[in-house]
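Here is the naming used below: chain letters follow the sequence lines, and residue numbers restart at 1 for every chain.
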Amino acid sequence: MPELPEVETIKNDLRDQLVGCTFTSVWLLWPGMVLQPGAEELKSRLVGQKVMEVGRRGKYLILHLSGGEALVIHLRMSGALLLRASPTPPDGHTRAIFGLDNGQELHFWDRRKLGTMALVADENQLTARLGPEPLEESFTPEVLAGVLKRHKAPLKVVLLDQMAIAGIGNMYADEALFAARIHPLRPANKLSGDEMEHLHRAIRQVLLAGIKGRGASVDTYRDAAGEEGTAHLQFKVAHRGGQPCPVCGVSIQRLPLRGRGTYFCPRCQAEPAEI
DNA sequence: CCCGGAACCTGAAGGC
DNA sequence: TGCCTTCAGGTTCCGG
């Protein structure tokens, strides 16, 4: 699933290969993915525009265009952006193909059709409500403490809240809580100062490791060249229910929380009595 | 306002 | 073999 490290990897790949290219055609095989404007209007407005820069905010990819607009893409659960030689035919999961003036095509591939894109004058329209970027210098332990103090929900729920902190998803939330040795059900506003410092370090460490591994291919994730990442090979608890904890050997548990699987070590992340 | 669940989607995997 | 249920989970929407 594309989370911050996966989207960051794709962003870096696309920045290298897409900046300076002009869109020559747009083929929408699944028009339902276009949030705004309409599918036909997106086509006509996109063709002829050049990609000036590629950015990321949370899990959103942002293509800044020569006309001043931005193409904002969200891959959700199963989306991928693949650079292919032109022409490459679509397969059953290809949702859009963008022709480029350098002999390549950009394919939006999405098995579950949950991904979206929008052509907007100002990307803030979609990203304004997002919380702080956890890898920026400005994301200090004090900033994290301020976020956690505002929420009494379980920590795992707050880490997944994009308006609290941007970019963390299910896998890296579990990994960060394990790295900090904190139970996922602990109320966010009840952490000690030490625990908040540990969690701050853990969040940055697992996200940076994810980027270094070029993302985690636990499901359909691929980079822009279609290659798998290796970050999931370093995972300690995420998607490892029933396997032994790499630190203490106790069986990793799976806890259903808000409809999501939460993986943790019941010994290393012990639940305090007062919870 | 807060919280939890459903809906959006498809495919893999497991039970019977 | 085949049908049914569950799991996978990012985001938005809706009801209590």
Peer 1: Taking atom P in both B:dG5 and C:dC7, what distance in whole Å separates the two?
Peer 2: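 Here B:dG5 and C:dC7 have their P atoms 14 Å from each other.
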
Peer 1: Rounded to whole angstrom, note down the P distance from B:dC9 over to C:dC14.
Peer 2: 15 Å

Peer 1: Need one value for A:Y263: base, sugar-phosphate or nothing, where a base atom within 4.0 Å counts as base even if backbone is also close, heavy atoms only.
Peer 2: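 Here A:Y263 touches the backbone only, sparing every base.
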
Peer 1: Give the rounded distance in Å between these two atoms: CZ of A:R76 and P of C:dT12.
Peer 2: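 The distance from CZ of A:R76 to P of C:dT12 comes to 6 Å, rounded to the nearest Å.
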
Peer 1: Would you kindly give the CG-to-P distance between A:L126 and C:dG10, to the nearest whole Å?
Peer 2: 18 Å

Peer 1: In plain terms, say whether A:D110 and A:R95 are close enough for a salt bridge, that is, a side-chain N and a carboxylate O under 4.0 Å apart.
Peer 2: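 Not counted as a salt bridge, because no side-chain N and carboxylate O are separated by less than 4.0 Å.
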
Peer 1: Without decimals, in angstroms, what is the distance between A:M163 CE and C:dG10 C1'?
Peer 2: 12 Å

Peer 1: Side chains of A:F178 and A:Q269: closer than 4.5 Å at any heavy-atom pair?
Peer 2: yes

Peer 1: Name the nucleic acid region contacted by A:R111, choosing base, sugar-phosphate or nothing; use a 4.0 angstrom heavy-atom cut-off, strictly under.
Peer 2: sugar-phosphate

Peer 1: Could you tell me from which nucleotide to which nucleotide of DNA chain B, 5' to 3', there is an atom under 4.0 Å from chain A heavy atoms?
Peer 2: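 That gives a stretch of B:dC3 to B:dG11.
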
Peer 1: With rounding to whole Å, what would you report as the distance between C:dT11 and B:dG11 at their P atoms?
Peer 2: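 To the nearest whole Å, 22 Å.
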
Peer 1: Inspect the contact between A:R57 and A:E133 and indicate whether a charged nitrogen and a carboxylate oxygen are less than 4.0 angstrom apart.
Peer 2: yes

Peer 1: Is the ring centre of A:F139 less than 6.0 Å from the ring centre of A:H200?
Peer 2: yes

Peer 1: Between A:M171 and A:V218, is any pair of side-chain heavy atoms under 4.5 Å apart?
Peer 2: yes

Peer 1: On the nucleotide C:dT11, are OP1 or OP2 found under 4.0 Å from the side-chain N or O atoms that A:Q162 carries?
Peer 2: yes

Peer 1: Do you see a donor-acceptor pair shorter than 3.5 Å between the side chains of A:Y172 and A:E6?
Peer 2: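 Judged by distance alone, the side chains do pair up.
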
Peer 1: When you match A:Y60 and A:V218 each to their closest nucleotide on DNA chain C, which lands nearer the 5' end?
Peer 2: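 The 5'-side residue here is A:V218.
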
Peer 1: Distance check needed: C:dT11 P versus A:L159 CG, whole Å only.
Peer 2: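 After rounding, the reported distance stands at 14 Å.
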
